[in-house]
Amino acid sequence: MNQLCPLLATVLIATGCTQSSADSSLPSLADLYTESFKIGVALNPGEIAGDEPTAAELIAGQFNAYTAENDMKWERIEPTEGNFDFNVADAFVALGEKNDAFMVGHTLLWHSQTPDWVFEDENGDPASREIVLARLKHHIEAVVGRYQGRIHSWDVVNEAFNEDGTWRDSPWLRTIGPDYIARAFEFAHAADPEAALYYNDYNLFKADKRDAVVALVQSLQTEGRRIDGVGIQGHYGIGYPPMEELEASITAFGNLGVKVMITELDISVLPFPSTAQQGADISLDLELQAELNPYIDGVPADVSAALADAYRGLFELFLKHADVLDRVTLWNLTDASTWRNNWPMRGRTDHPVLFDRQNQPKDAYWALVNLKIYHDREN
Ligand code: G3I
């Protein structure tokens with residue numbers, strides 16, 4: 001039995017904490033944190049389809065905000081020009097409506113997972129700014145327009161900056177120029193004037209990247225464009241990132257008058273090949289090394305406790321800044337579905353989220369339950 005359960009049981013009785021309607025045996029993180037921020041999760045097609053009943057119970061009971069992990073990316077939704085595949089996205093929206101969840105569209109513009117045709121003319125040469133802009137507009141109108149009023153928010157632009165705060169050399173920048181971000185926000189706002197619009201990136205605790213995003217938000221605000229929030233992705237490890245730097249970024253973005261979301265939270269328990277490779281640079285694909293894959297058969301108790309401590313530390317910070325934090329989304333439901341098993345090298349066994357490979361709650365889950373109960377009793 002989980003060591004923290006008896007403690008939880010005592011506190012639950014003392015506080016009269018309500019239990020999840022979807023799973024009679026677990027308290028609901030979404031319910032517990034409802035007055036502080038939303039608790040979200042990224043979903044894959046099997047989870048959207050409800051393939052596993054216990055996973056479906058967790059999705060309905062533990063989370064009140066959903067993001068499609070991959071199925072609203074350009075390559076999935078418009079693989080060839082003008083030919084849209086909305087099948088999984090439609091099912092995703094239907095699930096959100098069934099469970100009354102806050103829906104996040106991910107993502108309208110990204111340097112990755114965008115088909116080559118978007119940037120090429122009929123001869124395979126680089127397309128003109130006008131053509132690429134027209135394709136971007138058409139894509140955003142089609143996708144945002146289809147889900148108007150049903151997808152409540154959009155990661156409009158994903159990962160536009162390098163670690164040093166310079167602009168990422170992407171096909172978007174090369175073909176359209178630096179106003180591509182403003183154009184994307186303009187098109188998204190026109191397609192659904194009520195939808196909340198976000199800029200989303202990883203490693204935003206780094207000062208140079210933070211400054212670049214502050215400047216971006218300020219420039220959009222100066223132009224009078226709608227921007228509602230900054231998404232701090234949150235692909236972390238044990239002891240990483242430095243809390244004071246993350247806090248500085250939450251504060252800096254909050255001071256701009258926009259909301260802050262932790263949009264893609266996971267905490268790897270595995271060793272990184274090097275600190276330079278922390279983050280989420282999707283182009284990394286290193287060779288599998290056995291010494292970097294130590295927990296194939298499960299994590300020892302001390303590692304499980306360290307993960308719980310890491311989650312507790314982050315959520316203490318998030319609760320401190322609940323006035324500007326709108327949502328914390330876990331990037332994947334269980335350790336079985338986490339992308340971390342295949343990044344930065346394929347075939348590892350990671351354990352970075354709150355539910356294990358059998359859909360069972362981990363020490364990290366109970367740490368977040370207990371943290372909020374104690375937090376509420378003290379405040
Ligand atoms: O579904 C196909 C499968 O049919 C095929 O056999 C297999 C062969 O490789 O690929 C499968 O697709 C993979 C997909 O994940 C589903 O597993 C893609 O190759 C793989 O590239 C894709 O990776 C996703 C990655 O973004 C790139 O889109 C990860 O699941 C997803 O977690 C990750 O999410 C990103 C966020 O969107 C942005 N921030 C960083 C974050 C982590 O990289």
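Numbers here simply count residues along the sequence, with the first being 1. Just so you know, ligand 1 is whichever comes first in the structure, and atom 1 is the first atom listed for that ligand.
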* Asked: Under 4.0 Å from atom 9 (O) of ligand 1, is there any protein heavy atom?
  -> no
* Asked: Has the side chain of N158 got a donor or acceptor atom that lies under 3.5 Å from a matching backbone atom of L109?
  -> no
* **atom 28 (O) of ligand 1 protein-contacted, heavy-atom criterion under 4.0 angstrom** => yes
* Does the distance from a Lys or Arg side-chain N to an Asp or Glu carboxylate O, for D356 and K362, drop under 4.0 Å? -> no
* From the options R210, R168, K206, select the one residue that forms a salt bridge (charged side-chain N to carboxylate O under 4.0 Å, His left out) with E163. => K206
* To do: Verify the contact flag for atom 40 (C) of ligand 1, where contact means a protein heavy atom under 4.0 Å away.
  => yes
* Under 4.0 Å from atom 36 (C) of ligand 1, do we find at least one protein heavy atom? -> yes
* For Q113, the ligand 1 atoms whose distance to one of its heavy atoms is below 4.0 Å -> 27 (C), 28 (O)
* Select one of side chain, backbone, both or neither to describe which atoms of Y202 lie under 4.0 Å from any atom of ligand 1, heavy atoms only. => neither
* Residues T263 and N200: side-chain donor-acceptor under 3.5 angstrom -> yes
* Counting only non-hydrogen atoms of the protein, does one fall under 4.0 Å from atom 16 (C) of ligand 1? -> yes
* Contact partition for W343 relative to ligand 1, non-hydrogen atoms under 4.0 Å -> neither
* To do: Indicate whether atom 43 (O) of ligand 1 is within a distance of less than 4.0 angstrom of some protein heavy atom.
  => yes
* Taking K38 as the fixed residue, which of D31, D100, D326 is the one that meets the salt bridge (charged side-chain N to carboxylate O under 4.0 Å, His left out) rule? -> D326
* To do: Report, in ascending order of atom number, the atoms of ligand 1 lying under 4.0 Å from any heavy atom of H235.
  => 40 (C), 41 (C), 42 (C)
* Residue pair N70 / Q113, side-chain donor-acceptor N/O under 3.5 Å -> no
* Asked: Any side-chain donor-acceptor pair under 3.5 Å between Y147 and D90?
  -> yes
* For atom 3 (C) of ligand 1, state whether the nearest protein heavy atom is under 4.0 Å away. => no
* Asked: Between D285 and R346, is the closest basic N to carboxylate O distance under 4.0 Å?
  -> yes
* Asked: So, is the end of the K259 side chain (NZ or CZ) under 6.0 Å from the ring centre of Y198 and within 45° of the ring's axis?
  -> no
* Asked: With a cut-off of under 6.0 Å to the ring centre and 45° to the axis, is R174 in cation-pi contact with F119?
  -> no
* To do: Please say whether E69 places an N or O atom under 3.5 Å from an N or O atom belonging to ligand 1.
  => yes
* Asked: Is ligand 1 less than 4.0 angstrom away from at least one heavy atom of R340?
  -> no
* To do: Could you tell me whether N70 and ligand 1 have an N or O pair separated by under 3.5 Å?
  => yes
* Give the residue, atom name and distance (to 0.1 Å) of the protein heavy atom nearest atom 25 (C) of ligand 1. => I282 CD1, 3.6 Å
* Output yes when the distance from some N or O of ligand 1 to some N or O of R346 is under 3.5 Å, and no in every other case. => no
* Pick out which of W343, W339, F272 makes a ring-ring contact (aromatic ring centres under 6.0 Å, His included) with H235. => W339
* Asked: Quick one: does W339 get an N or O within less than 3.5 Å of an N or O on ligand 1?
  -> no
* Asked: Is D192 salt-bridged to R226, cutoff N-O under 4.0 Å?
  -> no
* Using heavy atoms and a threshold below 4.0 Å, how should the contact between N158 and ligand 1 be classified: side chain, backbone, both, or neither? -> side chain
* **Option of least heavy-atom distance to atom 12 (O) of ligand 1 (set: E75, K73, R76)** => R76
* To do: Kindly indicate whether atom 6 (O) of ligand 1 is approached by any protein heavy atom to under 4.0 angstrom.
  => no
* **Axial cation check for Y33 ring with K372, 6.0 Å and 45° limits** => yes
* To do: Measure the distances from the heavy atoms of E159 to every atom of ligand 1 and state whether one is below 4.0 angstrom.
  => yes
